[in-house]
Amino acid sequence: MPQPKAQNKGRILYDDGIVVMRRVRQAAPVDSIVVTFPGYDQTDITLPGFGETLLHGAGYDLICVQKRSNNGYQSMSREAFDKAVKPTLSRYRRICFYGTSVGAYAALYFGRGQRADILSLSPRNSLHPLYAEVLGRRGPQGTPFTHEPLEAGESRAKRVTVVYDPVPRTDRLEHADLRLLRECVEPAFPQLTHVSLRHTGHPVATALAEVHLLRPAVLNFMRGHAFNVTPFRRMKGRSPYYMLNLSRWLEKHGRWRQAEAVVDRGLRLFPASGFLKAQKERLAQERAAREAIGAAGAAP
């Protein structure tokens, strides 16, 4: 098994016991910095920060925001964040915020008051009250939501791009994600650029990485250009995660044979894919259950 890459040496700007921010610099001065936020399950602060290896290798300074547990970054207020990063960010000509999933929401939340470009991949915050409405429960372990509304305060953000899958399947979280986008993100960022990629699932980064489009698209955005993933539409068949999500969508709409055909095609291309194998097994169980119900109904 390959060993995880080591962190770059950096200076701690903030540590509240849960959230920690580490500044990483190039050997020589640069004029651009990226503030990154990891997703839900990334809680080992000894590992490199989200996007650290790619972005530091591409010549950017970074502030890597990391967390020891999944609290939605709520132990850190906007005021505490601003105070910690202001002396550093004031030195740079170009500032970008970048995150995925709950980190994508955090990039929007903490980046809104900064003179920054924001790249948000599949924003989600399951602690937000909107998710309780959709899911019928509070956040994990009943964790309360303590952050202020996304649109609170003055917005200084510049370019803001959200990349997401516009097609919900059977997961109610996906429905909540789209409501979050419509009801919270869009009002907070009138200049928002949407990049919607059907059947890429959550997070969209997985499918984009599988077809080797994530890195060039991210770097293109950091250089001040559009997040260009136009080639994905002709490359999507190379993504097992895309095939999984397409199969789930077909399943949701009762197109069982097509759902199974997509999984079978995916497994021919990616025979080691665990989630495609699991989807195939589940579809087979559902088919057997339908056939048993049909047989029982036809019995005299």
- side-chain hydrogen bond (donor to acceptor under 3.5 Å, both in side chains) assessment of Asp16 paired with Tyr14: CA-CA 7 Å; Asp16 62 22; Tyr14 175 90; 2.8 Å; yes
- Task: On the 0 to 90° scale, with breaks at 30° and 60°, tag the Phe110-Phe37 ring pair as parallel, tilted or perpendicular.
- Result: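 Plane angle under 30°, so parallel.
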Taking the six-membered ring of [Y] as reference, does the cationic atom of [X] (NZ for Lys, CZ for Arg) lie under 6.0 Å from its centre and within 45° of its axis?
X	Y	value
Arg94	Tyr60	no
Arg290	Trp256	yes
Arg124	Tyr105	no

- Regarding Asn228 and Thr230, is there a side-chain donor-to-acceptor distance under 3.5 Å anywhere?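 Short answer, yes.
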For [X] and [Y], work out which heavy atoms get closest and say how close.
X	Y	result
Leu269	Gly237	CD1-O, 3.7 Å
Gly201	Ser122	O-OG, 4.2 Å
Arg23	Arg91	NH1-NH1, 3.2 Å
Pro87	Ser90	O-OG, 3.1 Å
Leu213	Pro231	CD1-C, 4.0 Å
Tyr242	Arg198	CE1-O, 3.5 Å

Taking the side chain as every heavy atom from C-beta outward, state whether [X] and [Y] have any atom pair closer than 4.5 Å.
X	Y	value
Arg11	Leu13	yes
Ser120	Leu108	yes
Val85	Val35	no
Thr161	Val195	yes
Asp165	His202	no
Glu286	Leu283	yes
Phe81	Val19	no
Met21	Cys64	no

- Query: Given the rule in the side-chain hydrogen bond (donor to acceptor under 3.5 Å, both in side chains) test, do Arg282 and Gln279 qualify, once you have shown the distances and angles that lead to the verdict?
  - Reply: CA-CA 5 Å; Arg282 196 167 61 80; Gln279 173 72 350; 2.8 Å; yes
- Query: What about Leu119 and Val185, same hydrophobic cluster or not, with Ile/Leu/Val/Met/Phe/Trp/Tyr joined at side-chain heavy-atom distances under 4.5 Å?
  - Reply: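 Different clusters.
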- Message: Could you see if Ile12 belongs to whatever hydrophobic cluster contains Ile45? Use Ile, Leu, Val, Met, Phe, Trp, Tyr and a side-chain cutoff under 4.5 Å.
- Response: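 Yes, same cluster.
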- Message: Test salt bridge (Lys or Arg N to Asp or Glu O under 4.0 Å) on Glu151 and Arg112; report intermediate values, then the result.
- Response: CA-CA 8 Å; Glu151 68 274 15; Arg112 187 171 182 270; over 6 Å; no
- Message: A quick test of your reading: do over 12 heavy atoms of other residues, nucleotides or ligands sit less than 6.0 Å from NE2 of His212?
- Response: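 Counting other residues, nucleotides and ligands, NE2 of His212 stays at 12 neighbours or fewer.
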- Query: If you count the non-hydrogen atoms of other residues, nucleotides and ligands that lie under 6.0 Å from NZ in Lys83, is the total more than 12?
  - Reply: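 Open.
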Do [X] side-chain atoms and [Y] backbone N/O form a donor-acceptor pair below 3.5 Å?
X	Y	value
Thr200	Leu197	yes
Gln114	Gly111	no
Lys67	Val20	no
Arg169	Val167	yes
Arg159	His225	yes
Tyr109	Glu148	yes
His128	Leu130	yes

- Message: Between Gln74 and Leu127, is the side chain to side chain contact (heavy atoms under 4.5 Å, CB included) condition met? List the steps.
- Response: CA-CA 10 Å; Gln74 291 190 106; Leu127 301 180; 3.0 Å; yes
- Does the gap between the ring centers of His199 and Tyr241 come in under 6.0 Å?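 No, the ring of His199 stays outside the 6.0 Å limit from the ring of Tyr241, centre to centre.
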- Query: Can Asp44 and Gln66 be said to form a side-chain hydrogen bond (donor to acceptor under 3.5 Å, both in side chains), step by step?
  - Reply: CA-CA 8 Å; Asp44 187 343; Gln66 296 177 276; over 6 Å; no
- Item | Criterion salt bridge (Lys or Arg N to Asp or Glu O under 4.0 Å) on Glu210 and Arg238, from CA distance to verdict | CA-CA 7 Å; Glu210 286 175 339; Arg238 304 178 197 175; over 6 Å; no
- Go through Asp15 and Arg68 one step at a time and tell me if the salt bridge (Lys or Arg N to Asp or Glu O under 4.0 Å) criterion holds. CA-CA 10 Å; Asp15 189 342; Arg68 295 180 175 91; 2.9 Å; yes
What distance separates [X] [atom1] from [Y] [atom2], expressed to the nearest 0.5 Å?
X	Y	atom1	atom2	value
Gln26	Ile33	CD	CD1	10.5 Å
Leu180	Tyr164	CG	OH	12.0 Å
Ser247	Phe275	OG	CZ	11.5 Å
Thr206	Leu214	OG1	CG	9.0 Å
Lys280	Asp264	NZ	CG	3.5 Å
Ser77	His147	OG	NE2	7.0 Å

- Residue pair His56, Leu62: steps toward the side chain to side chain contact (heavy atoms under 4.5 Å, CB included) verdict: CA-CA 7 Å; His56 189 263; Leu62 293 104; 3.7 Å; yes
- Query: Are Phe189 and Leu150 close enough, and set up right, to give a side chain to side chain contact (heavy atoms under 4.5 Å, CB included), and what steps lead you there?
  - Reply: CA-CA 9 Å; Phe189 298 97; Leu150 189 59; 4.2 Å; yes
- Walk me through it: do Arg179 and Glu183 pass the test salt bridge (Lys or Arg N to Asp or Glu O under 4.0 Å)? CA-CA 6 Å; Arg179 278 193 59 187; Glu183 298 176 22; 2.8 Å; yes
- Query: Given the rule in the side chain to side chain contact (heavy atoms under 4.5 Å, CB included) test, do Phe227 and Leu121 qualify, once you have shown the distances and angles that lead to the verdict?
  - Reply: CA-CA 11 Å; Phe227 187 84; Leu121 305 183; 4.1 Å; yes
- Query: So among His253, Gln258, Glu251, which one has a side-chain hydrogen bond (donor to acceptor under 3.5 Å, both in side chains) with Arg255?
  - Reply: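 In the set His253, Gln258, Glu251, the residue that makes a side-chain hydrogen bond (donor to acceptor under 3.5 Å, both in side chains) with Arg255 is Gln258.
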- What do the steps show when you test Tyr98 against Asp117 for side-chain hydrogen bond (donor to acceptor under 3.5 Å, both in side chains), and what is the final call? CA-CA 9 Å; Tyr98 172 42; Asp117 294 340; over 6 Å; no
